[in-house]
Protein chains: 2
Amino acid sequence: MHLLDLITRKRDGGRITPDEWRAFAAGYAAGRYPDYQVSALLMAVFFRGMDADEGFALMQGMLESGGRLDFKGLGKPVIDKHSTGGVGDKTSIPLAPLLATLGVAVPMMSGRGLGHTGGTLDKLEAIPGFNTRLSLAEAKAQVERLGCALIGQTGEIAPADKKLYALRDATATVEAIPLIAASIMSKKLAEGLTGLVLDVKTGSGSFMPEFDRATQLAQTMVAIGERCGCPTVALMTSMHHPLGVACGNALEIEESLDILHGGGPADTREVTVALGAEMLVLGRLAPNHGEARRQLESAIADGSALEMFRRIVEAQGGDPRVVDDPRGVLPQAPRQSVVTAPRAGAVQTVAPRVIGRGIIALGGGRLTMEDTVDPAVGFHILVRPGQGVTRGQPLAVIYARDDAGIDAGKACLASAITIGDEDFVPPPLVSHRVTAAGVEEYGDG
Amino acid sequence: MHLLDLITRKRDGGRITPDEWRAFAAGYAAGRYPDYQVSALLMAVFFRGMDADEGFALMQGMLESGGRLDFKGLGKPVIDKHSTGGVGDKTSIPLAPLLATLGVAVPMMSGRGLGHTGGTLDKLEAIPGFNTRLSLAEAKAQVERLGCALIGQTGEIAPADKKLYALRDATATVEAIPLIAASIMSKKLAEGLTGLVLDVKTGSGSFMPEFDRATQLAQTMVAIGERCGCPTVALMTSMHHPLGVACGNALEIEESLDILHGGGPADTREVTVALGAEMLVLGRLAPNHGEARRQLESAIADGSALEMFRRIVEAQGGDPRVVDDPRGVLPQAPRQSVVTAPRAGAVQTVAPRVIGRGIIALGGGRLTMEDTVDPAVGFHILVRPGQGVTRGQPLAVIYARDDAGIDAGKACLASAITIGDEDFVPPPLVSHRVTAAGVEEYGDG
């Protein structure tokens, strides 16, 4: 197979066959094609797209380039949740122990923060000692024993995707829906799942802000999952503002624990429970979403999910006292500052990208994968778009390492949180549900 | 300047500024940008195009990345001719001595054959001893002394273009008009010209078969030349069939000498004289094309052009006896075979791409720049599209190294030359003339 022929054909609007896409993924992982040809192919795909068979075959080739988890014979549904990423999105952390408690095996493979978007691995590593670098064999053993493991993408999983993603990132070819879908699904389907729930963010703070494109991405991923025999559902959720109150690694662990203690902000709780209900229904552990929600509330109320979280932290080398005394165990920022409303009015924006960049300015995020993160810093965001505020009312708290951080945090909040006179109703938190049957407005049933 | 920003902007239909294009060319020549990013940028340009200012700035940046010839103070017009390439196109060879004889300085920089297209350097090197690898300083000295040098693109000229062209060739990004125009013009304008004549081929055997696109390329190049203060004219000439009779390196030298001796095929002669007349008029050595044609015919008739060719061959180390005894000096193919018409009728096609690939099959052309060429092999094509033939009439002669070559030649000719019952008039040999003023139908005046 000559890669130049494939580039020319795709450039001219032709089709690359499924066999060719699989051979491409295998050959690229094996180092047979130079990056300069592959990036030209990727840019041609950006302009010409791929049909469903092409995207599926690329996904298959990337999946088959690496190792896979296998839970056959476990006798439990094996279900993961994946989010396309945002600011303040910590739902993976309470979801994993909740679902494990309720009889779902959860091999949760997460990423690190990059740019304005946070990452679950960075949040977990705010817990002293917590080790996310498990091998596939270690993760499998822990899932079999406890029902859950919280790990990063090891080099064993989809190496072709790992290489291709790095190249896309350097060549402005990330934003092609078939490539995004193939990348995400090649990693998720390597987990040996019997079901997958996708949290596809829309709104200004999401990876793909346009609702139509985000929905198309959700549909593409759902179709790939179903075609692989892995029932897949996506919820379209709002990233018009950060999710919850806490934004920053240690602060988000604390909020996750609040959820497991039965408290926490209503929006974080609602997205967590909505996604968890989908997971339970996919796993046939609940007959409908109402019953699933009741199971989730009860696993919180009786403390079993919290107890499961303690066991996971312990199993992965973290300090289990974090569960009862988060502030005593998690790193604390030495400087805090409350920012108040300069005028009365209605909150117009709490811009998630600006908040995300503010966390980077405080030292708590990454511009490149080589940056290290300060787990203690971040924000508590106390208001939501549409909310009325009085002059002097607290809008947010900055958690910083030093005075320079406080100044950076103030500059960020002044630009992110705007107050005006327009009343408005913010878009719903969970707006749509995407399944193999199509796109429907979200309802609790 | 971050190349990723430029890729993203071009991808999204934005504009790269002239300063950025110049910095890109300089930086790429200096090894500052990885090929995998540059190929993504090139593919984005393929889809989004470049405006005239962008293309001009890229051309400038590539031109300025290397050395240039300077003929200031020579007191003569300095004019070159460039062809976009085809099969049997040997006009450079008689043109160079003709124009030098008539008072034009001709620093003729040519290329090698690749794919179905032949190259002037390969043809010249069929003359034993002929050295095309002159440095810029040597070429300049020879042009000043003799009025002409026939050389290859040295590493000194437009190194950014050399690197970029190799990358385009490997990534299916050759066929973008602004990139082609910038590439050709960066090399030609490095020759220190006071005028440039372009031979832009159209038809199935040309690099760009569609007439409209080829005309657009011609207009783009003419605009670049004029903007650099180098008056530029393009003729649109036919590559619906090979030019002349001889196709193959040594055979084409022989036909070139026939032209200088006052003979040769009518079509080779007509294209040579048409291009030469443009060069003389551009150099203000003739007041109009009619007078220019008379000067050219007279330089052939009185033997002065032939004498000039002898001196050029001698100056560049070649065996000057080639001028009077080409068959005694040029390498001869040991095997020949005449192919005749299998039926009576009208010649429908003499497909130049098929003939060009036939020359490669005989060993006389290149698939990659690393291939060596056999100068002796090739074809004499005795018929033209539209011509009536009787059964058994000779169509072509194959010149081959061995029996396998004869068989390959026969297979090629059987596919290239088709005979049918339809009468038709082939398109004109020189169809249009492109100047800064626009595109006009070609006439002799």
Side-chain angles (χ1 to χ4, degrees), chain A residues 1-16 20 24 27-28 31-50 114-115 160 162-180 207-210 213 367-369, chain B residues 1-16 20 24 27-28 31-50 114-115 160 162-180 207-210 213 367-369:
Chain A
M1 188 178 80
H2 290 290
L3 198 54
L4 186 58
D5 295 341
L6 268 54
I7 303 170
T8 309
R9 208 185 316 147
K10 180 52 74 180
R11 182 198 75 183
D12 294 341
R15 184 168 181 277
I16 294 175
E20 288 169 331
F24 163 74
Y28 187 51
R32 277 203 293 279
Y33 304 121
D35 284 343
Y36 60 80
Q37 288 193 317
V38 174
S39 64
L41 176 63
L42 293 170
M43 189 58 87
V45 167
F46 180 89
F47 282 99
R48 295 293 193 177
M50 296 164 100
L114 187 63
K162 195 163 190 159
K163 217 175 141 181
L164 206 63
Y165 188 85
L167 185 62
R168 287 164 59 207
D169 193 45
T171 57
T173 50
V174 168
E175 296 90 337
I177 287 173
L179 295 179
I180 301 167
F207 168 69
M208 190 166 278
E210 309 88 345
R213 275 173 57 79
L367 276 174
T368 75
M369 283 316 286
Chain B
M1 187 178 81
H2 290 290
L3 199 54
L4 186 58
D5 295 339
L6 267 53
I7 304 170
T8 310
R9 207 187 314 147
K10 180 52 73 180
R11 182 197 75 184
D12 295 341
R15 186 168 179 276
I16 294 176
E20 286 170 332
F24 162 75
Y28 187 52
R32 276 204 292 279
Y33 304 120
D35 284 342
Y36 60 81
Q37 288 193 317
V38 175
S39 64
L41 176 63
L42 292 170
M43 189 58 87
V45 167
F46 179 89
F47 281 99
R48 295 294 194 178
M50 297 164 99
L114 188 62
K162 194 163 190 158
K163 218 176 141 182
L164 207 63
Y165 188 85
L167 186 62
R168 287 165 58 207
D169 193 45
T171 57
T173 50
V174 168
E175 296 91 338
I177 287 174
L179 295 179
I180 300 167
F207 168 68
M208 190 166 277
E210 309 87 346
R213 276 172 57 80
L367 277 175
T368 75
M369 283 316 285

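Convention: sequence-line order gives letters A, B, ...; per-chain numbering from 1. Both backbone and side-chain heavy atoms feed into the values below; hydrogens, waters and symmetry mates do not.
In this structure, B:Ala172 and A:Thr8 approach most closely via the heavy-atom pair CB-OG1, 3.4 Å.
In this structure, the portion of A:Asp169 lying under 4.5 Å from any heavy atom of chain B is its backbone and not its side chain. For A:Leu167, the part lying under 4.5 angstrom from a heavy atom of chain B is the side chain only.
Atom OG1 of residue A:Thr171 and atom CG of residue B:Leu41 lie 11.0 Å apart, to the nearest 0.5 angstrom. Note that OG of A:Ser39 is 7.5 Å distant from CD1 of B:Ile7, once rounded to the nearest 0.5 Å. Expressed to the nearest 0.5 Å, how far OG1 of B:Thr173 lies from CE of A:Met43 amounts to 11.5 Å.
The distance between the ring centers of A:Phe47 and B:Phe47 falls below 6.0 angstrom.
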